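Everything quoted here is computed from the prediction, not taken from an experiment. These numbers come from the heavy atoms of this one structure, side chains and all, not from hydrogens, waters or symmetry mates.
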Amino acid sequence: MPVPVPRQRVSTPSIPGTPDATGGSRTPGRTPAAPAAGGGTDLVLLVIEDDPTGTFTVPELVDASGNRVRVRTARNLTEAERLLTDDVHCVLVDLDLASCRTDDADRLAPLHHVLRLAPRHAVLALTPSGDAALAAEAVRAGAQDHLCREELDGPLLSRAIRYAVERKRADSVQVKLAESRLRAQENARLERGLLPTPLLQGSELRFAARYRPGRSRALLGGDFYDTVRTPDGTVHAMIGDVCGHGPDEAALGVELRIAWRALTLAGLCGDELLSTLQQVLEHERDNEEIFATLCTVDIAPDGRRAGLCLAGHPSPLIARHGSPARLLPYEDGGPALGLLPRARWPRRQVELGGAWSLMMYTDGLIEGRSAGPGTPRLGQDGMVEMINRQLAGGLGGEELLEAAVAEVRKLNGGELTDDVAVVLLAREKAATAAADRSARPESAPGRRAPRRR
């Protein structure tokens with residue numbers, strides 16, 4: 001014999017955000033409270049059925065474990081919307097609601113309405129006995145389970161509610177996990193696509209870079225860099241830093257890098273290029289307090305000299321064969337981009353020599369602590385000493401940059417909070433010798449060298 005299932009009629013509509021007749025509150029968009037693991041928490045069931053002599057006749061049901069299921073009933077979907085408060089765990093909807101029943105109506109119309117009304121709640125479909133096709137369609141449409149009216153009893157209802165709530169919770173967790181993974185993959189693809197690809201085809205220079213954003217689980221920060229070779233053989237390199245290291249600063253850094261590449265390939269350099277970049281910054285920044293530092297270097301085709309421009313940025317470090325690393329001159333630098341409306345940035349000629357390594361970096365590399373929290377910052381002098389030790393140990397290229405960033409983190413006593421970008425350009429002995437040979441005059445073709453008598 002089926003056991004009578006509880007019924008409770010609540011006629012007083014609830015006011016959003018205030019207690020209703022059942023003690024719950026209605027706050028649209030909020031997720032219903034989940035029962036504790038193990039099913040030991042009382043549950044609230046909202047029943048939507050319009051049969052005044054229906055099965056639900058008492059206010060609550062107690063299962064074999066002593067857990068209660070409190071029942072609310074609604075005669076139609078409009079009343080159900082008023083009674084769907086935050087403390088409701090599950091909704092049981094009768095698919096034979098008279099208000100949704102017409103000759104040609106979709107038999108799942110009540111279920112579809114409830115799924116739209118309660119997307120975060122567990123939903124059970126109440127079907128006539130023996131209609132397996134309708135029950136299967138209800139589950140495919142989104143119900144967590146179905147119950148047959150003629151077979152309904154107290155223990156079955158209590159168990160079905162708890163299973164439905166757990167299935168809904170598991171489904172929600174899986175959806176959120178899938179969305180999180182997809183979002184992380186999309187962000188990673190986007191940020192990788194925004195990192196530069198050096199355009200150095202035909203150049204004798206070796207290139208290496210190391211990038212570490214200050215944001216947790218990010219690939220891109222407010223630092224940016226780029227390197228391109230123009231048709232005349234000049235290699236142009238740049239590194240910059242937008243104040244801050246959030247996603248907005250990262251986006252602005254990408255815009256400045258792309259603008260720098262376009263302007264460089266168009267033939268601009270020095271003060272003219274930086275003035276144009278400042279205009280880009282002024283138009284794209286969110287507020288007037290945003291600024292960016294920048295260092296640009298254009299290396300002559302023979303690799304022996306370069307033009308240097310500094311816009312509030314630390315000066316590059318150069319290491320020549322047989323001599324310790326040191327900073328390039330920085331006395332003639334200009335202000336950071338975005339600080340002064342009519343600023344100028346002088347371009348200074350520097351001699352690089354034959355074989356050399358040029359390291360450009362952002363201030364994240366030098367602003368860490370020199371010996372743990374509370375100690376002075378590493379600074380440029382400390383960085384030069386550190387690089388000289390690593391050069392003496394035979395490091396170069398990617399290994400040198402990796403070791404430098406790792407040692408800075410170690411000296412800081414933990415993770416660095418600012419973005420770090422480091423770029424290394426190097427001209428080796430073999431390239432120097434090849435350049436010297438190509439510069440020597442050769443005999444005109446077709447002429448024999450004179451015979452010595």
Inset, instruction - Could you grab the distance from atom CG of L124 to atom OH of Y163, nearest 0.5 Å is fine? - result: 13.0 Å
Legend entry - Distance in Å, M238 CE paired with R257 CZ, rounded so as to fall on 0.5 Å steps: 7.0 Å
Inset, instruction - Consider only side-chain N and O atoms of E166 and Q144, and report whether a donor and an acceptor are under 3.5 Å apart. - result: no
Inset, instruction - Measure the spacing between CD of E407 and CG of L365 and express it to the nearest 0.5 Å. - result: 10.0 Å
Inset, instruction - Enter the distance from M360:CE to I318:CD1 here, rounded to the nearest 0.5 Å. - result: 12.0 Å
Legend entry - T293 and D241: side chain donor to acceptor below 3.5 Å: no
Inset, instruction - Evaluate whether atom CG of D381 has more than 12 neighbouring non-hydrogen atoms of other residues, nucleotides or ligands under 6.0 angstrom away. - result: no
Legend entry - Heavy-atom closest pair, residues C295 and L308: SG-CD1, 3.9 Å
Inset, instruction - To the nearest 0.5 angstrom, please state how far the OG1 atom of T227 sits from the CG atom of L200. - result: 6.0 Å
Inset, instruction - Applying side-chain contact (heavy atoms from CB on, under 4.5 Å), run through V235 and F207 and close with a yes or a no. - result: CA-CA 11 Å; V235 172; F207 172 87; over 6 Å; no
Legend entry - Verdict with reasoning, R427 to E204, per salt bridge (charged side-chain N to carboxylate O under 4.0 Å, His left out): CA-CA 7 Å; R427 185 171 186 255; E204 62 185 20; 2.4 Å; yes
Legend entry - Ionic contact status for D298 with R347, cut-off 4.0 Å: yes
Legend entry - Any donor-acceptor N/O pair, R82 side chain to A74 backbone, under 3.5 Å: no
Inset, instruction - Would you check if L411 and S370 make a side-chain contact, meaning some heavy-atom pair closer than 4.5 Å? - result: no
Inset, instruction - Using a 4.5 Å cut-off on heavy atoms from C-beta on, say whether the side chain of W260 contacts that of F224. - result: no
Inset, instruction - For the pair Q380 and Y361, evaluate side chain to side chain donor-acceptor pair (under 3.5 Å) and give the outcome as yes or no after the intermediate values. - result: CA-CA 10 Å; Q380 288 179 289; Y361 53 92; 2.9 Å; yes
In residues 391-406, what donor-acceptor pairs under 3.5 Å come from side-chain atoms, sequence neighbours left out?
residue : atom : partner : partner atom : Å
E402    : OE1  : R210    : NE           : 2.9
E402    : OE2  : R210    : NH2          : 3.4

Inset, instruction - Side-chain contact test, heavy atoms from C-beta onward, threshold under 4.5 Å: evaluate it for V88 versus H121 and give yes or no. - result: yes
Inset, instruction - Begin with the C-alpha distance, continue with both residues' side-chain angles, and end with the deciding distance and a verdict on side chain to side chain donor-acceptor pair (under 3.5 Å) for R68 and S158. - result: CA-CA 8 Å; R68 298 185 308 163; S158 177; over 6 Å; no
Legend entry - Interatomic spacing from CG in L358 to CG in L205 - rounded to 0.5 Å: 9.5 Å
Inset, instruction - For the residue pair P335 and F291, establish whether any side-chain heavy-atom pair is separated by less than 4.5 Å. - result: no
Legend entry - For T230, all residues meeting side-chain hydrogen bond (donor to acceptor under 3.5 Å, both in side chains), sequence neighbours excluded: D232, H236
Inset, instruction - Side-chain contact test, heavy atoms from C-beta onward, threshold under 4.5 Å: evaluate it for V420 versus V408 and give yes or no. - result: no
Legend entry - Sidechain-backbone polar pair: R229 side chain, T234 backbone, donor-acceptor under 3.5 Å: no
Legend entry - R72 vs D87 side-chain heavy atoms within contact, under 4.5 Å: yes
Legend entry - More than 12 heavy atoms of other groups within 6.0 Å of E289 CD: no
Inset, instruction - Return yes if some donor-acceptor pair links the side-chain N/O of R377 with the main-chain N/O of E367 below 3.5 Å, else return no. - result: yes
Inset, instruction - Would you check if L92 and L46 make a side-chain contact, meaning some heavy-atom pair closer than 4.5 Å? - result: no
Legend entry - Side-chain heavy-atom pair D271, C309 within 4.5 angstrom cut-off: no
Legend entry - Short N-O contact, D145 and R167, less than 4.0 angstrom: yes
Legend entry - Any donor-acceptor pair under 3.5 Å from H283 side chain to Q279 backbone: yes
